[in-house]
Amino acid sequence: MCAIIGIVANSSVNQALYDGLTVLQHRGQDAAGIVTCDSSGKFYLRKDNGLVRDVFRSRHMLNLRGNMGLGHVRYPTAGCATSAEAQPFYVNSPFGIALAHNGNLTNASQLKQDMFLEDRRHINTDSDSEILLNVFAHELQEQGKLKISAQDIFNAVAGVHRRCRGSYAVVAMISGHGIVGFRDAYGIRPVVFGKRETDKGTEYMIASESVALDGLGFQRIRDIAPGEAVFIDLEGGLHIQQCADNPVYSPCIFEYVYLARPDSIIDDVSVYKARLRMGDKLADKILREWPDHDIDVVIPIPDTSRTAAMQLANRLGVKYREGFIKNRYIGRTFIMPGQKQRKKSVRQKLNPIDLEFKRKNVLLVDDSIVRGTTSQQIIQMAREAGARKVYFASASPPVRYPNVYGIDMPAASELIAHGRSEAEVAEAIGADKLIFQDLPDLIESVRKGNPKLERFDASVFTGEYVTGDIGKDYLDHLEQRRCDLNTAAQVRDAEASMIDLYNSP
C-alpha cells in the first residue's frame, strides 16, 4: 500500500505535490519522494525515508522546479527498507521517464531476468517498481520515434499489460511530453483523476484517492478504469484509451475496510457509506446470533473503525463511547516495519479512559484482525481499565491468507486466523466473545454503492487470487523470503543494540 500523485499545471507544482502527499500520508509513512520537470525537460528529484514533512525542507522545495511532477509515499514491507527503494524512480532512456507505483508485480523475478537477457536493461534495486519503469521505458522505446504521440504512449501501456502481472496503479512523467496514469487490467489498486480551471487554463491531477483532489481544489472526474490509461500532454490536453484486452473490474475490498480514508470515493463507492453499511451488517449478525447480548457499551479502536462502530451501536441501541485516546504522533501500527516495533507502539499509540470501562461489558470494534498482536494488547488494556467482560467485533471477515497485491501480509504464518477457528482466534487474543463480519455482508456493504462492481479481490479472506497466477510455490517462496529478510533485520537490530551497549557510559 502506497500513494501516488501526478499533476500537470500552468504554474509551479512543488507545493501542490507536497500538499497532496500530506493528504495521502495515511497510505505510507516510510518514505516520500517528489520529482518535477521544467520547460527545458530537466528533472528535479528529492526522495528519502521519512514522513512528507521530514523529507522536504525549504531548500528542497525551492529546487523542485517545473509545472508538472509526480509524488509518492511508501509504506514498509518485510525486512528493512532502504532509501534506495524510495520512489519515484527515474530512467534516462528513452526521453527521460520518472515513475511512481502502488501495487505489487507477481512476476517480478521473471521480468527482472527478461529485462537483462532480452532488453539489456539493468535493475539496480529489489523494487518491482523499478522493474515496471523499465518495462514501460522499453515498450516506449520500441515505438521507434523521436517525438511520440498519445497513441504511442498507449501502445507502450498495452505492452506493459501484456508483460506485467499483479497489481499496479501508476503515474509516469515523460520529459517533453506529459504525464500518463494507468491501472492494471483488474483495477486492484485505486487511482482517480480530476481537473481544475484556472485563469491560465485547465490543470489535471491523478492520485490514489479522491481526498487528494478535494484538498487541492480539483474536481473529481472519475476513477481510471481497469486497463485504461489517461495521458495529459504539456498543453493540458486530455487523452484516454483502454489498453488491456480483457479488463475485469476487481478492486481490492480491503481498501474499503482499512486502507482508504473514509472521505474518499473509490470506484464510485463512498468509503464512509460502505463502512456505515458494514456497521449495520455486523449489528444485524449480533442481533440474529446473540439476541440476548449483555453489551453495555460499544467502543471503537481508533481511527478506521469509528464509522462502523457508531452505526453498529445505533442499530443495537447501545451506548457508543470513545474509550481510547490516540497519540496522533504514532503511525498506523498495521504498517509498522517489524513485529517488535508494532508490539512496542500499541501502548504508546492508545491510552484507555478508565471510567468508560469500569464494571462494564464492553464491545470493542476494529476494522479487521490481521496479526492479532494489536487486538490482544488492546483487550488486555481494556481489562486493566476495569472492564467486566471484553467482547470484540471485526468489521471484516477473518484474514486467513497472504496478500500478494501490495499489502504487507505475505506470510500466512503471521496471520492469527490462518488455520484457526473463530473460537480459537477469540482465545488467542483473549476476548470473551468474538464476532466477525460475514464475507457476503462485506461485499454487499461495498457493492451497494456501485452495483456495477460484480467482483472484488477478497483474497485475504478466501485465498482466491483474481489474477489467477498465484500458487503454493509462489506463496512458499514469499514466506521464505520474508523470513530471511526479517532474520537479517533482527541481526542488524542486535548488532545495533550491541554497539549502543558498548558505547554507553
Side-chain angles (χ1 to χ4, degrees), residues 257-258 275-324 333-334 346-347 350 352-401 414-442 444-445 460-461:
V257 171
Y258 173 82
R275 290 177 183 171
L276 286 176
R277 290 189 287 267
M278 291 175 204
D280 281 332
K281 296 287 188 182
L282 197 53
D284 289 344
K285 181 176 182 179
I286 292 173
L287 292 172
R288 183 173 63 250
E289 298 184 357
W290 191 19
D292 57 343
H293 70 80
D294 58 351
I295 301 167
D296 296 319
V297 62
V298 172
I299 293 177
I301 312 299
D303 284 313
T304 45
S305 65
R306 280 197 175 105
T307 308
M310 186 177 296
Q311 192 71 1
L312 181 150
N314 289 338
R315 181 66 68 95
L316 292 181
V318 174
K319 289 180 181 178
Y320 170 89
R321 292 290 185 269
E322 293 284 343
F324 291 102
T333 53
F334 173 74
V346 174
R347 288 183 179 268
L350 297 176
I353 302 174
D354 290 1
L355 61 87
E356 295 294 354
F357 292 90
K358 283 185 178 178
R359 296 179 295 277
K360 295 178 182 178
N361 296 335
V362 178
L363 176 63
L364 301 178
V365 180
D366 209 349
D367 49 76
S368 58
I369 302 174
V370 181
R371 296 171 177 87
T373 307
T374 300
S375 303
Q376 185 181 43
Q377 290 190 65
I378 288 172
I379 288 170
Q380 183 59 35
M381 290 165 63
R383 294 195 189 282
E384 291 172 0
R388 185 187 298 115
K389 292 182 180 179
V390 182
Y391 308 126
F392 204 96
S394 168
S396 65
V399 176
R400 300 189 188 277
Y401 302 95
E414 295 183 23
L415 307 174
I416 196 167
H418 181 76
R420 287 188 174 96
S421 67
E422 294 185 12
E424 289 171 333
V425 175
E427 182 178 0
I429 65 175
D432 292 302
K433 188 175 183 65
L434 176 60
I435 305 100
F436 280 107
Q437 184 85 266
D438 293 328
L439 183 56
D441 286 343
L442 175 61
E444 178 59 26
S445 296
V460 295
F461 308 123

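Everything quoted here is computed from the prediction, not taken from an experiment.
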Which pair of non-hydrogen atoms, one from [X] and one from [Y], has the smallest distance, and what is that distance?
| X | Y | answer |
| --- | --- | --- |
| L282 | Q437 | N-OE1, 3.4 Å |
| K281 | S445 | CG-OG, 3.4 Å |
| I301 | L350 | CG2-CD1, 4.1 Å |
| F461 | Y401 | O-CE1, 3.5 Å |
| I379 | I429 | CD1-O, 3.4 Å |
| S394 | F436 | CB-CD2, 3.6 Å |

For the residue pair [X] and [Y], establish whether any side-chain heavy-atom pair is separated by less than 4.5 Å.
| X | Y | result |
| --- | --- | --- |
| I416 | Q376 | no |
| I369 | V399 | no |
| K433 | W290 | yes |

Mind checking the CG-CZ spacing from D296 to R321? Nearest 0.5 Å is all I need.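 It comes to 11.5 Å.
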Output the distance between atom CZ (F392) and atom CD1 (I435), rounded to the nearest 0.5 Å. 10.0 Å
Hey, are D438 and K285 close enough for a salt bridge, meaning a charged N less than 4.0 Å from a carboxylate O?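 Result for this pair is yes, salt bridge flagged.
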Below 4.0 angstrom, N of the basic side chain to O of the carboxylate: do R306 and D303 qualify? yes
Other residues, nucleotides and ligands only: do more than 12 of their heavy atoms fall within 6.0 Å of CZ on R288? yes
Heavy-atom neighbours of E424 CD exceed 12 at 6.0 Å: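 Enclosed: over 12 neighbouring heavy atoms sit under 6.0 Å from CD of E424.
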Determine, stepwise, if the pair E384 / Q380 fulfils side-chain hydrogen bond (donor to acceptor under 3.5 Å, both in side chains). CA-CA 6 Å; E384 291 172 0; Q380 183 59 35; 3.3 Å; yes
Let me see the working for D280 and R277 under salt bridge (Lys or Arg N to Asp or Glu O under 4.0 Å), right down to the final yes or no. CA-CA 5 Å; D280 281 332; R277 290 189 287 267; over 6 Å; no
Has the side chain of [X] got a donor or acceptor atom that lies under 3.5 Å from a matching backbone atom of [Y]?
| X | Y | result |
| --- | --- | --- |
| T307 | L276 | no |
| T304 | Y258 | no |
| N361 | D294 | yes |
| R400 | A417 | yes |
| R388 | V362 | no |

Could you walk me through whether R383 and D432 satisfy the salt bridge (Lys or Arg N to Asp or Glu O under 4.0 Å) test, starting with their C-alpha distance in whole Å, then the side-chain angles of each, then the deciding distance to 0.1 Å, before giving a yes or no? CA-CA 11 Å; R383 294 195 189 282; D432 292 302; 3.1 Å; yes
